[in-house]
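Quick notes on the structure that follows.
In what follows, chains are A, B, ... by sequence order, proteins preceding strands, each numbered from 1.
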Amino acid sequence: MAIELTLPDGSIREFPDGTTGFDVAESIGSRLAKAAVAIELDGAQLDVHRPIPMSGAVRIITQNTEEGRSVLRHSAAHVMAQAVLDLYPGAKFAIGPPITDGFYYDFSVDRPFTPEDLERIEQRMAEIIAEDQTFERDEVSVEEGLELFADQPFKREIIEGVDAEEGADANSVSLYRNASFVDLCRGPHVSSTGKLKAVKLMRAAGAYWRGDEKNPQLQRIYGTAWETQKELAAHLERLEEAERRDHRKLGRELDLYSFPNELGSGLAVWHPKGGMLRKEIEDYSRRVHGQYGFEFVNSPHVAKAQLWETSGHLGFYADNMFPAMELDHADQYIVKPMNCPFHVLVYKSRSRSYRELPLRLSELGAVYRYERSGVVHGLLRVRGMTQDDSHTFCRRDQVAEELNRHLQFVLMLLRDFGFDEFEADLSTRPEEKWVGELDLWELATDSLREALVAAEIDFQVAEGEGAFYGPKIDIHIRDAIGRRWQMSTIQVDFSLPERFELEFATSSNDRERPVMIHSAKFGTVERFVGVLVEHYAGAFPGWLAPVQASVIPVADRHDEYAEQVAGELRAAGVRVDVDLAIETVGEKIRRAITDKHPVILVVGDNDVENRTAGIRLRGEDSERRGVPLDDIVAELVELCERPR
RNA sequence: GCCGGGGUAGCUCAGGGGUAGAGCAACGCACUCGUAAUGCGUAGGUCACGGGUUCAAUUCCCGUCUCCGGCUCCA
């Protein structure tokens with residue numbers, strides 16, 4: 001018997017029965033065979049070292065692809081579990097999947113793993129890898145599986161749930177064995193442990209069984225695995241780069257903001273330089289909101305509990321709200337976690353006509369949310385934050401255009417800050433709990449989808465992931481080092497207009513309910529700054545840099561001229577510092593560089609005489625001397641020009 | 001909130017049952033300097049906070065706050 005395999009180039013070739021993926025790869029090229037870690041046959045991944053069971057379309061998965069690395073990492077996870085079970089008899093092992101950049105495995109053990117434990121485990125793994133144990137696939141019945149894992153409760157639970165979960169053949173489960181270690185696994189795996197060339201354990205952490213905090217907490221070990229030591233080293237270097245960009249560290253170094261203990265968790269104070277950065281960002285926000293037809297409103301930080309009762313927040317958002325304050329007449333006031341009810345009240349302040357819709361209300365609103373203590377993180381997850389929030393009230397026939405307009409607006413804004421890679425999630429109506437009318441849901445969802453298509457950005461549909469009150473788009477950006485951050489959101493709301501009984505007069509003088517669109521463009525100013533700091537590694541473009549230029553006098557007899565230079569630049573709108581410190585020029589240059597000022601101007605005798613300066617731009621390691629002051633002013637004005 | 005690890009000078013960190021140390025930063029003096037650290041000196045700490053053990057606690061124990069890495073959650 002023979003099998004017919006269709007290769008990715010479309011060619012069909014015949015192979016003898018018993019041919020393995022490895023053989024197929026070998027027939028194409030020895031380098032391909034060496035890099036092969038699995039194959040895909042008609043969409044299903046299979047081991048490269050086992051016979052291909054039937055004819056079909058085949059593709060070799062190599063270790064230098066994300067799919068291939070997943071196979072390596074999955075195998076590495078097995079080896080780690082093997083090492084843990086060797087070293088810690090009685091340990092129960094749960095699940096160990098590959099993840100982005102690595103893998104983990106969860107264990108139930110007597111005591112949590114220490115850093116020393118990780119070293120031991122890593123050492124044991126190295127031994128297992130050196131032994132080059134073969135991974136063998138096996139299939140057993142559910143009964144046999146349950147028996148085999150008699151003392152492994154998590155594995156038994158997985159076996160018992162296997163048919164329900166994966167739609168797999170309910171009568172058998174697949175196993176992988178290497179040496180004496182057996183794990184329940186779908187595979188595929190590399191042919192032997194020796195294929196793992198670069199594995200490193202990263203850290204231990206607690207994690208709940210099946211991700212549910214009601215379940216027992218397990219001990220998770222994270223590791224990473226790559227096809228070569230070189231790739232591993234590159235990965236570690238990327239982690240270090242991320243550390244160098246950490247906005248908490250840069251925020252301190254650049255004197256932007258801090259998180260004083262006296263304040264409380266998740267609360268920041270903004271120093272003058274951070275304040276300037278914020279101001280630029282907020283000024284920009286107001287400018288473009290105005291240009292896009294938003295009107296500015298303002299609302300207080302607290303409101304009666306009744307308002308939150310009406311809005312429904314006390315029902316579904318109470319966990320994230322700071323507790324109520326008891327006031328004199330038994331009134332309770334609550335610090336706002338959102339701005340929407342206030343904007344609704346603005347809408348409701350008088351009767352509205354169809355002619356004035358869409359009504360776009362915008363506010364940089366400070367909100368406070370009670371985040372659980374373990375989740376706060378620098379500026380990226382705080383308890384006090386400022387949303388560049390807007391609420392648009394529109395008619396049904398305006399929904400499509402408004403949503404499109406909001407998306408265009410958000411993308412323009414993000415592009416102005418140097419982000420140009422976007423991914424969006426379109427979250428649709430939940431299956432069970434939802435409010436509003438079905439046709440409105442469909443209209444809004446379709447409009448969101450069309451807007452995404454028109455904007456030509458990649459998006460995924462998250463079926464049923466929308467809030468109960470409406471569909472939404474979340475926009476993620478990729479930063480300079482490829483990390484994904486959620487920023488903006490455009491959210492349709494059928495609930496609040498209902499709860500507050502909003503209406504407007506139609507052209508036929510009927511009463512109709514408006515549709516509401518929530519949108520935060522930056523997400524929050526705090527998070528946006530945090531992401532921006534990491535994106536630019538603190539080296540902000542001219543218009544955002546808190547200090548745009550520093551002027552350095554060579555000796556103190558040049559101080560006066562330095563101030564004069566600074567004065568002219570300030571008059572032209574450039575933010576300038578003059579470094580009058582009694583230091584060497586080298587020291588002052590160094591300080592300006594480490595402070596990441598976009599421009600350094602050095603002035604000495606020649607400059608005083610000729611009305612010039614030496615100019616050095618950030619990122620360049622040489623300077624231009626004797627540049628006429630007028631040229632410098634013109635150059636800096638251009639360099640610091642705001643996008644809109 | 002849960003699991004683990006931390007909190008020593010402004011920052012980075014060393015130390016350790018007998019009331020603490022370095023580098024950088026700060027301050028002073030000298031140097032007056034042309035593109036990434038001039039030299040010398042001075043000052044600076046209730047060792048996060050509260051309790052306990054002890055003749056003695058910054059060190060050991062407990063609690064609280066807070067930070068870090070995860071889980072869960074999320075802008």
- Task: Take A:F468 and A:F316 through the ring-ring contact (aromatic ring centres under 6.0 Å, His included) test and state the conclusion after the steps.
- Result: CA-CA 10 Å; A:F468 67 88; A:F316 64 86; 5.2 Å; yes
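Ring pair A:F419/A:H535: centre-to-centre distance below 6.0 Å. Residues A:H406 and A:F294 bring their aromatic ring centres within 6.0 Å. Residues A:Y104 and A:Y222 bring their aromatic ring centres within 6.0 Å. Taking the six-membered ring wherever Trp is involved, the centroid distance between the rings of A:F322 and A:W308 does not fall below 6.0 Å. The six-membered or imidazole ring of A:F528 lies near that of A:F417, with a centre-to-centre distance under 6.0 Å.
Consecutive Watson-Crick or G-U pairs involving RNA chain B, each under 3.5 Å on both distances, make up stems of three or more pairs at B:1-7 with B:65-71, B:10-13 with B:21-24, B:26-30 with B:38-42, B:48-52 with B:60-64.
Side-chain atoms of A:R369 come within 3.5 Å of backbone atoms of A:P337 as a donor-acceptor pair (strictly under, hydrogens ignored).
Comparing B:C11 with B:G44, their C1' atoms are spaced 14 Å from each other, to the whole Å. Spacing between B:C61 and B:C71 at atom C1', rounded to whole Å, works out to 29 Å.
Contacts of A:S265 with the nucleic acid, taken as non-hydrogen atoms under 4.0 Å apart, involve only primed sugar atoms and P, OP1 or OP2.
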Scan nucleotides 69-75 of chain B against the protein and return all N/O pairs shorter than 3.5 Å with their distances rounded to 0.1 Å.
residue	atom	partner	partner atom	Å
B:G69	OP1	A:R248	NH2	3.0
B:G69	OP2	A:R248	NH1	3.4
B:G69	OP2	A:H377	ND1	3.4
B:G69	O2'	A:R203	NE	2.6
B:G70	O3'	A:Y222	OH	3.0
B:G70	O2'	A:Y222	OH	3.4
B:G70	N2	A:Q217	NE2	3.3
B:C71	OP1	A:Y222	OH	3.4
B:C71	O4'	A:G206	O	3.2
B:C71	O2'	A:Y208	N	3.1
B:U72	O2'	A:E213	OE2	3.2
B:U72	O2	A:R372	NH1	3.2
B:C73	O2	A:R381	NH1	2.9
B:C73	O2	A:R381	NH2	2.4
B:C73	N3	A:R381	NH1	3.0
B:C74	O2	A:R381	NH1	3.3
B:A75	O3'	A:Q486	NE2	3.0
B:A75	O3'	A:R527	NH1	3.1
B:A75	O2'	A:R527	NH1	2.8
B:A75	N6	A:E371	OE2	2.7
B:A75	N6	A:R381	NE	3.4
B:A75	N6	A:V382	O	2.9
B:A75	N1	A:V382	N	3.2

- Task: Could you run through nucleotides 34-45 of chain B and give me one letter per nucleotide, 5' to 3': B if any protein heavy atom sits under 4.0 Å from the base, S if only the sugar-phosphate is that close, - if neither?
- Result: BBBBB-------
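Ring pair A:H391/A:H518 is perpendicular by interplanar angle, where above 60° counts as perpendicular and below 30° as parallel.
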